[in-house]
Amino acid sequence: MPIFALKMLFGDSARFYGMLLGLAFSTLLISQQASIFVGLMTRTFGFVTDTPQPDLWIADPLQRFLDDNKPLRSTAVQRVRSSPGVDWAVPLYKGLLTVALADGKRQMAQVIGVDDATLIGGPGVMLEGSLSDLRKPDAIIVDVRATEREFRMQNPPDGGPPRGLRVGDTLEMNDRRAEVVGICKATQTFQSQPVIYTTYNRAVEFAPRERRMVTMVLVGVGDSADRAEIAAGITERTGLAAYTGPEFAAKTVGYWMAETGIPINFGTAIVLGFFVGVAVAGQMFYNFVLDNLKSFGAMKAMGASRRTLFGMVVLQAATVAVLGFGIGIGATSAFGISLPEGRLAFRMIWQIPVGAAISVIVICSASAALGLWRVMRLDPADVFKGE
Amino acid sequence: MMTTAPPTSMAISARGVEKAYVTGDTKVTALRGANLEVKPGEIVMLVGPSGCGKTSLISILAGLLARDGGDLEVFGQDPQALSNEARTTWRREHIGFVFQQFNLIPTLTIAENVAIPLVLHGVSRRDACERAVLALAEVGLEGRQASRPNLLSGGQQQRVAIARALVNEPKLLVCDEPTSALDGQTGQRIMEIVARVGRYGDRAGVVVTHDERIFHLADRIVHMDDGRIDRIGPPPRRNHHD
């Protein structure tokens with residue numbers, strides 16, 4: 001009977017396509033909104049994932065998330081270095097500074113100052129130039145995304161047509177010259193500011209003078225070392241907070257989840273997506289079963305077993321679920337692929353299709369269960385009762 | 001998988017069959033000791049006013065409804081003595097149904113509709129459809145196997161329903177008002193088909209109807225009233241003007 005069950009489903013084309021659209025739209029809404037949410041959350045700790053070298057991130061204990069800079073005393077680096085188990089510790093500067101382009105345009109940028117000696121904390125992906133070029137005088141490395149957007153010059157100093165920032169161009173920060181020596185690819189920040197890498201000492205010169213300039217201390221430990229134990233030791237000795245990369249990322253996401261309305265907004269859209277599925281596809285499938293109740297009753301009278309009828313309804317629900325989910329998740333993927341890189345935060349982790357699939361399964365199972373309840377309770381003698 | 005029934009001289013033997021429906025505090029008695037015997041090769045028509053118990057009786061005969069009292073044997077088998085599963089199988093193997101509203105599945109071709117009892121019986125879809133085409137030819141619908149039910153007239157749809165009822169070669173054909181949704185002439189033709197195929201071999205047929213124009217096609221007319229079989233008599237002689 002499976003083919004007959006499918007022909008019953010496909011034959012009712014208006015309702016079949018309605019169910020598919022309902023489930024596809026529900027899947028699209030759930031997975032697309034969840035992917036954007038995850039993308040946004042990923043941006044909040046993008047610098048942590050872009051910087052794989054440190055085993056521990058040392059920050060002020062009151063720092064609530066990655067960008068909540070609470071600078072440390074300059075002695076913090078030495079104090080951390082002297083903690084047991086620490087192989088190396090380097091300072092990191094991270095702050096928002098005003099950048100003046102050669103054509104006079106001014107733009108806020110996230111400036112990251114990495115250790116002068118080791119360049120630990122530098123960008124992971126270089127598109128032009130090399131990380132070691134940071135050792136050149138006045139050197140900075142700029143994120144590729146900003147070169148054609150925020151740092152695009154309408155009146156370039158060479159007098160040509162409007163163009164993006166290139167290697168060799170100069171900028172100014174705090175009245176100090178900076179020369180672009182490389183183009184890198186960095187994860188876009190949550191607030192989408194351009195990202196500029198330079199050395200720590202140069203960054204300190206670019207930044208307005210403050211008593212405390214070390215934003216964080218990056219720490220390396222031995223491969224076999226117990227990071228939790230070393231982190232606890234650093235905290236005990238220095239009073240500073242010590243996190244592994246994943247812990248720092250989780251702390252940052254936790255802040256955005258708990259302290260902003262972002263999860264509620266996206267959560268509402270995701271829940272709406274689920275209810276769209278229930279209201280459209282779930283109800284349509286239930287109505288489909290109800291409309292075919294006489295046919296199921298006739299089959300029951302003709303000797304279709306309960307198992308046969310159960311199998312038919314489950315097959316119909318599963319078919320709608322698989323196709324609707326497939327179209328929906330395909331549309332979400334196409335949406336994600338079609339986006340210009342960095343334009344919209346979009347990150348589809350494997351848990352999102354799984355979650356959307358579970359939602360679709362719940363919708364289809366519930367409507368199939370309701371339909372089955374009617375089919376199973378159907379009295380075959382009812383087929384002798386006229387319209 | 002066919003269940004073998006013990007040899008019996010009667011196709012149907014019903015004695016003192018009782019049935020009541022209880023809804024809350026209300027009890028409605030549908031059958032008050034109905035007695036009926038039908039021989040193999042015989043077509044019997046159940047007639048009577050609405051609510052007299054005709055539908056309850058054929059539902060019990062076809063193993064669709066449990067009786068409250070009395071004895072019943074259909075080709076030697078009491079359907080109520082079987083488990084639910086076995087009764088479903090018994091129905092599948094021995095009973096052919098023709099419903100008042102045809103109950104064809106609109107999204108299947110007519111061959112597929114006819115093939116349903118065979119597929120339920122485990123026959124492959126291809127073989128079942130081949131046999132369905134033969135059954136359709138038997139009721140005058142050769143060449144129409146690929147049509148959808150909604151493209152057929154009411155009479156043609158009922159012929160499809162008859163083909164579906166017969167494709168499994170059932171022993172008992174149960175028809176519920178097979179002509180009520182059809183005009184007189186079409187109904188007459190349909191009943192001629194039922195009368196022909198319903199007597200084939202040792203098959204028996206029970207037809208519930210209000211349509212007096214087809215009474216002459218029966219071997220006996222069973223009049224029911226108030227849950228009882230009032231009288232059983234021969235069919236009226238056919239009026240040549242009909």
Side-chain angles (χ1 to χ4, degrees), chain A residues 1-20 284-285 287-313 315-317 319-320 371-372 374-387, chain B residues 19 50 54-60 62-66 84-109 112-113 115-122 124-126 128-129 148 150 161 164-165 167-168 170 174-177 180-181 208:
Chain A
M1 294 301 281
I3 292 176
F4 288 168
L6 292 178
K7 288 190 92 169
M8 283 171 76
L9 179 69
F10 300 149
D12 189 351
S13 53
R15 190 166 282 148
F16 172 64
Y17 289 120
M19 287 187 271
L20 279 195
M284 269 190 169
F285 186 80
N287 285 338
F288 164 77
V289 175
L290 288 192
D291 280 0
N292 282 288
L293 223 44
K294 274 186 88 77
S295 299
F296 285 122
M299 282 189 262
K300 212 168 183 177
M302 288 188 281
S305 65
R306 290 163 69 89
R307 200 171 59 180
T308 300
L309 296 176
F310 180 89
M312 287 178 77
V313 175
L315 176 66
Q316 287 163 341
T319 302
V320 170
L372 276 170
R374 296 293 300 267
V375 171
M376 292 300 141
R377 285 180 69 239
L378 197 62
D379 186 346
D382 284 350
V383 291
F384 284 139
K385 294 171 186 165
E387 298 275 13
Chain B
K19 179 68 187 174
S50 292
K54 304 185 296 288
T55 300
S56 295
L57 184 56
I58 59 162
S59 298
I60 289 169
L64 294 173
L65 194 65
N84 267 338
E85 204 173 328
R87 190 160 55 245
T88 301
T89 307
W90 175 81
R91 239 177 14 237
R92 194 161 65 212
E93 291 171 351
H94 298 300
I95 314 291
F97 293 94
V98 178
F99 307 107
Q100 185 179 350
Q101 297 297 332
F102 323 136
N103 284 11
L104 301 176
I105 298 174
T107 50
L108 303 183
T109 65
E112 287 166 338
N113 268 285
I116 286 174
L118 292 171
V119 175
L120 288 174
H121 202 68
S124 74
R125 195 175 75 96
R126 182 187 291 261
C129 285
R148 305 267 170 196
N150 61 346
R164 181 179 63 185
V167 72
N168 222 10
V174 177
C175 306
D176 179 40
E177 305 268 13
S180 70
V208 168

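Keep in mind that the numbers below use all heavy atoms, side chains included, and drop hydrogens, waters and symmetry copies. Proteins come first, then strands; the chains are lettered A, B, ... in the order of their sequence lines, and each starts at number 1.
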Item to complete: Hey, could you give me each pair passing salt bridge (Lys or Arg N to Asp or Glu O under 4.0 Å) that has a residue in residues 303-312 of chain A? Not counting sequence neighbours.
Response: none
Worksheet item: Using non-hydrogen atoms only, which part of B:Arg87 is less than 4.5 Å away from chain A: side chain, backbone, both, or neither?
Response: neither
Practice prompt. Pick one of side chain, backbone, both or neither for B:Glu112, based on which atoms fall under 4.5 Å of a heavy atom in chain A.
Written response: both
Worksheet, complete the sentence: d(A:Ile3 CD1, B:Arg126 CZ) to nearest 0.5 Å is 10.0 Å
Worksheet item: Can you tell me how far the CG atom of B:Leu108 sits from the OG atom of A:Ser295, to the nearest 0.5 Å?
Response: 8.0 Å
Item to complete: Please report the shortest heavy-atom distance between A:Met299 and B:Leu120, naming the atom on each side.
Response: O-CD1, 4.0 Å
Worksheet, complete the sentence: Taken to the nearest 0.5 Å, the spacing of B:Ile105 CD1 from A:Phe4 CZ works out to 8.0 Å
Fill in: Closest contact, heavy atoms only, B:Pro117 versus A:Met302
CG-SD, 4.0 Å
Response to the item:
Closest non-hydrogen contact found for A:Lys294 with B:Asn103 is CE-OD1, 3.4 Å
Item to complete: Look at atom CZ of A:Phe10 and say whether more than 12 heavy atoms of other residues, nucleotides or ligands are closer to it than 6.0 Å.
Response: yes
Discussion item. Main chain of A:Ala301, side chain of B:Arg91: is a donor-acceptor contact present, judged purely on distance under 3.5 Å?
Written reply: yes
